[in-house]
Amino acid sequence: MAKIQAPRGTHDILPPESRHWIEMERRTHELMRRWGFEEIRTPMFESEELFVRGVGQGSDIVRKEMYTFTDKGDRRLSLRPEGTASVARAAVEHGMLQPGRVLKLYYQGPMFRYDRPAAGRYRQFHQMGAEVIGSAAPVADAEIIGVFWAWLLEMGLQGLTVRLNSVGCPVCRPAYRERLRDFLRPKLEWLCGDCKERFEKNPMRILDCKVPGCQAEIVGAPSTLDSLGEECRTHFEEVQACLQAAGIRFEIDPGLVRGLDYYTKTAFEVHHAGLGAQSAVGGGGRYDGLVEEVGGGSSPGVGFSTGLERILLALEADGVAELAPPARPDWFVATVNSDARDEALRLVTALRRRGAAEMDLSGASLKSQFKQADRLGAAKVIVLGPREIERGVAMVRDMATHQENEVPLKELYTGGSESA
RNA sequence: GUGGGCGUAGCUCAAUGGUGGAGCACCGCACUGUGGCUGCGGUGGUUGUGGGUUCGAGUCCCAUCGUCCACCCCA
């Protein structure tokens with residue numbers, strides 16, 4: 001039979017790597033508890049419409065990266081490409097948004113995008129993210145960037161940079177777009193093909209273009225920041241003041257434009273130096289129009305998301321060897337021959353109520369059982385053979401000191417002796 | 001989606017077009033009821049897959065799948 005491989009862009013998470021995932025999740029829950037966020041778990045597929053409206057028709061994600069299918073009931077469904085739209089949908093659907101109430105939620109799980117795979121980019125990948133919904137205040141933006149920053153430090157990462165920008169709001173953005181078009185129109189013929197297209201659809205993306213010719217043409221272009229309306233400008237200044245108060249360093253990056261259509265005002269990304277082309281470990285921003293877009297009342301929000309595979313790659317680049325060391329058994333119960341099997345089973349069952357205990361499952365020789373115990377890093381090996389069982393004792397060997405003592409079985413069962 | 005690199009044992013890698021190897025890992029033996037170190041031995045490959053060229057292909061050609069890099073985009 002021909003082998004079946006995992007689909008392109010997907011990957012199995014195997015031991016010992018799965019230990020790192022367990023540890024990341026454990027630290028996430030613990031940190032979020034301290035920051036007062038509660039977990040929300042939403043479906044991995046949703047109506048296609050949710051993402052079309054939420055993430056945006058114009059975004060690359062919706063235009064070419066969604067896994068969309070029709071189910072047996074003729075519903076158009078999409079595997080979720082990101083988490084925020086689902087959180088907003090669930091908050092609206094369950095009436096969690098009441099005027100004056102601030103919701104703090106986090107989520108964690110697989111996301112799906114039909115993208116060409118590369119290092120740090122997969123078709124099924126995992127994100128963790130958090131949202132503050134119900135507050136338009138700058139301190140909410142700082143709360144999100146702050147919890148993200150704390151989370152990154154909790155994972156043990158170094159060499160991180162926060163880039164911050166404001167992309168304006170539906171009031172001031174159109175005005176800025178026009179100013180930018182006016183500036184670029186005389187230079188249009190010198191721009192690359194992609195940028196000529198962007199000129200009509202999304203001229204702000206031109207600022208992000210990597211083509212050297214375009215870079216030269218945009219010198220002196222009006223900055224988003226100079227074109228912010230009064231409200232957006234004040235908000236941006238206040239966010240910066242809050243970040244300074246919270247002790248978070250950042251760089252202003254006027255070229256930072258995010259790929260999801262729902263962002264307003266604050267946009268940010270965090271980059272890691274050791275990651276190559278896919279250097280963003282996460283990002284986010286404010287989305288004051290999203291809740292309304294998915295059918296709720298007007299409710300402002302701000303959030304972040306981070307890619308867990310990239311976090312692991314960044315940790316590797318930082319030389320963090322082990323997020324979580326292997327679990328070592330306290331005891332390995334070894335049998336001299338098969339007559340001791342039942343006693344060993346009884347004993348290992350009893351020991352497992354108090355700690356981690358292992359026994360041989362393959363009928364291996366005593367020597368081989370010691371090798372197993374050594375490989376597992378067991379602290380002690382308990383030897384059961386005819387000589388011991390007859391007298392109601394077991395030989396207990398300390399693997400570090402090589403000391404062996406006879407211990408009555410009764411004590412091993414009750415944990416009554418220090419020697420066990 | 002565009003351009004390019006790479007697919008050989010579980011892992012990391014060798015093999016001028018001429019009988020596919022090594023290290024690590026795994027299993028066993030070294031006076032038979034005891035681990036790590038050492039020595040010796042062993043298991044393990046339809047060379048990603050399918051075609052083609054050739055007396056002969058891991059090696060050359062085509063296709064396909066996968067992977068990696070850059071672009072794009074982003075996490």
Side-chain angles (χ1 to χ4, degrees), chain A residues 1-11 14 16 55 59-65 80-84 108-129 148 152 192-195 197-198 202 205 208-212 256-260 267 269-272 275-284 304-314 332 334-337 339-340 360 362 364-389 394-404:
Chain A
M1 289 283 276
K3 274 188 227 167
I4 298 176
Q5 305 176 303
R8 180 167 162 87
T10 69
H11 58 156
L14 311 172
V55 176
S59 65
D60 281 9
I61 291 175
V62 169
R63 274 176 35 233
K64 45 192 191 192
E65 294 176 6
R80 61 180 183 193
E82 60 102 49
T84 303
Q108 188 168 39
M111 306 291 165
F112 306 85
R113 292 184 200 174
Y114 190 87
D115 218 353
R116 184 146 163 185
R121 190 168 68 194
Y122 312 96
R123 290 185 172 179
Q124 175 176 333
F125 61 103
H126 297 78
Q127 282 191 331
M128 179 267 150
F148 185 21
L152 291 163
C192 71
D194 283 344
C195 284
E197 229 173 281
R198 290 175 181 136
N202 193 353
R205 278 288 173 80
D208 229 5
C209 188
K210 309 291 189 296
V211 176
L256 191 149
V257 180
R258 308 228 75 222
L260 289 70
E269 286 180 355
V270 178
H271 289 257
H272 185 271
L275 237 42
Q278 269 77 43
S279 72
V281 294
F304 82 86
S305 70
T306 178
L308 301 184
E309 282 84 357
R310 287 198 192 167
I311 296 298
L312 253 14
L313 288 174
F332 189 102
T335 52
V336 172
N337 59 37
D339 293 342
D360 171 62
S362 65
S365 68
L366 185 64
K367 181 197 266 294
S368 163
Q369 292 179 66
F370 266 87
K371 274 189 191 167
Q372 288 178 50
D374 185 56
R375 201 176 311 149
L376 291 168
K380 286 172 178 166
V381 172
I382 299 173
V383 180
L384 289 175
R387 298 203 300 244
E388 288 80 12
I389 290 177
M395 186 70 80
V396 178
R397 179 179 177 91
D398 184 305
M399 293 296 275
T401 66
H402 304 200
Q403 289 256 321
E404 286 189 1

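In this text the structure is predicted, and so the values were computed from the model without any measurement. Every chain is numbered from 1 and lettered A, B, ... according to where its sequence line falls, protein lines coming before strand lines. Both backbone and side-chain heavy atoms feed into the values below; hydrogens, waters and symmetry mates do not.
Of the candidates B/C73, B/G33, B/C74, the closest approach to any side-chain atom of A/Arg310 belongs to B/C74. Proximity note for A/Glu65 (side chain, C-beta onward) versus B/C73, B/A75, B/G33: the nearest is B/C73.
B/G17 sits 30 Å from B/G10 when the C1' atoms are compared, rounded to a whole Å. For the C1' atoms, the distance from B/G50 to B/C13 is 27 Å, rounded to whole Å. Atom name C1', nucleotides B/G39 and B/G33: the rounded distance is 23 Å, in whole Å. B/U64 and B/A22 have their P atoms separated by 37 Å, with the value rounded to a whole Å. As rounded to the nearest Å, B/A25 and B/G36 have C1' atoms that lie 16 Å from one another. B/A14 and B/A70 have their P atoms separated by 22 Å, with the value rounded to a whole Å. Comparing B/G42 with B/C24, their P atoms are spaced 15 Å from each other, to the whole Å. Nucleotides B/C6 and B/G58, compared at atom C1', are 14 Å apart to the nearest Å.
A straight line from CZ of A/Arg397 to C1' of B/G35 spans 7 Å, rounded to a whole angstrom. What separates CG of A/Leu384 from C1' of B/U34 is a distance of 14 Å, to the nearest Å. Rounding to whole angstrom units, CD of residue A/Glu269 and P of B/C74 are separated by 8 Å. Computed from coordinates, the A/Leu256 CG to B/C74 C1' distance equals 11 Å when rounded to whole Å. Here B/G36 presents its C1' atom at 15 Å from CZ of A/Phe332, a figure rounded to the nearest Å. In this structure, CE of A/Met111 is placed 11 Å from P of B/A75, rounded to the nearest angstrom. Taking atom NE2 of A/His271 as the reference point, atom P of B/A75 lies 10 Å away to the nearest angstrom. Distance A/Ile61 CD1 to B/C72 C1': 14 Å, rounded to the nearest Å.
Legend: residues meeting salt bridge (Lys or Arg N to Asp or Glu O under 4.0 Å) with A/Asp115, ordered by chain and number and at least two apart, are A/Arg121. Every salt bridge (Lys or Arg N to Asp or Glu O under 4.0 Å) that A/Glu269 has, sequence neighbours left out, goes to A/Arg258. With sequence neighbours excluded, the residues satisfying ring pair (Phe, Tyr, Trp, His ring centres under 6.0 Å) with A/Phe304 are A/Phe148.
The distance from the CE atom of A/Met399 to the NZ atom of A/Lys380 is 12.5 Å, given to the nearest 0.5 Å. Rounded to the nearest 0.5 angstrom, A/His271 NE2 and A/Leu256 CG are separated by 6.5 Å. Here the CG-CG distance, from A/Leu384 to A/Asn337, works out to 10.0 Å after rounding to the nearest 0.5 Å. Taking NZ of A/Lys367 as the start and CD of A/Gln372 as the end, the distance is 13.5 Å to the nearest 0.5 Å. Residue A/Arg116 holds its CZ atom at 9.5 Å from CZ of A/Arg123, rounded to the nearest 0.5 Å.
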Whether each nucleotide of nucleotides 63-70 of chain B has a protein heavy atom under 4.0 Å at its base (B), only at its sugar-phosphate (S) or at neither (-) is summarised, 5' to 3', as --SSBSSS
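Contact check on A/Arg63 versus A/Asp60 returns a salt bridge, with a Lys/Arg side-chain nitrogen under 4.0 Å from an Asp/Glu carboxylate oxygen.
Using modelled atom types, no side-chain atom of A/Glu82 and backbone atom of A/Met111 make a donor-acceptor pair closer than 3.5 Å.
Summarising the geometry of A/Asp360 relative to A/Phe332, their closest heavy-atom pair is N-CZ, 3.6 Å, with the distance given to 0.1 Å.
Two residues, A/Gly385 and A/Ser305, neighbour RNA chain B, and the one matched to the more 5' nucleotide by heavy-atom proximity is A/Gly385. Residues A/Pro386 and A/Tyr114 both approach RNA chain B. Their nearest nucleotides, taken by heavy-atom distance, put A/Tyr114 toward the 5′ side.
Looking at heavy-atom distances under 4.0 Å, A/Val381 makes no contact with the nucleic acid at all. A/Gln124 comes within 4.0 angstrom of no nucleic acid atom, judged by non-hydrogen atoms across all strands. Residue A/Glu82 is classed as having no contact, given no heavy-atom separation below 4.0 Å to the nucleic acid.
A donor-acceptor contact under 3.5 Å is formed by the side chain of A/Glu404 with the base of B/U34. For B/C73, the base has no donor-acceptor partner in the side chain of A/Arg63 [N/O atoms by modelled type, under 3.5 angstrom].
Here the side chains of A/Tyr114 and A/Lys64 are not in contact, with every heavy-atom distance at 4.5 Å or above.
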Quick one: do A/Leu366 and A/Phe370 satisfy side-chain contact (heavy atoms from CB on, under 4.5 Å)? Show the steps, please.
-> CA-CA 6 Å; A/Leu366 185 64; A/Phe370 266 87; 4.0 Å; yes
Pairing annotation in dot-bracket form, given for RNA chain B with Watson-Crick or G-U pairs under 3.5 Å and | for cross-strand partners | (((((((..((((....[..)))).(((((.......))))).....(((((..]....))))))))))))....
What protein N or O atoms touch nucleotides 25-29 of chain B N or O atoms at under 3.5 angstrom, if any, and at what distances?
from: B/C26; atom 1: OP1; to: A/Arg375; atom 2: NE; distance (Å): 3.1
from: B/C27; atom 1: OP2; to: A/Arg375; atom 2: NH2; distance (Å): 3.1

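Taking the six-membered ring where the residue is Trp, A/His126 and A/His11 present tilted rings, their angle falling between 30° and 60°.
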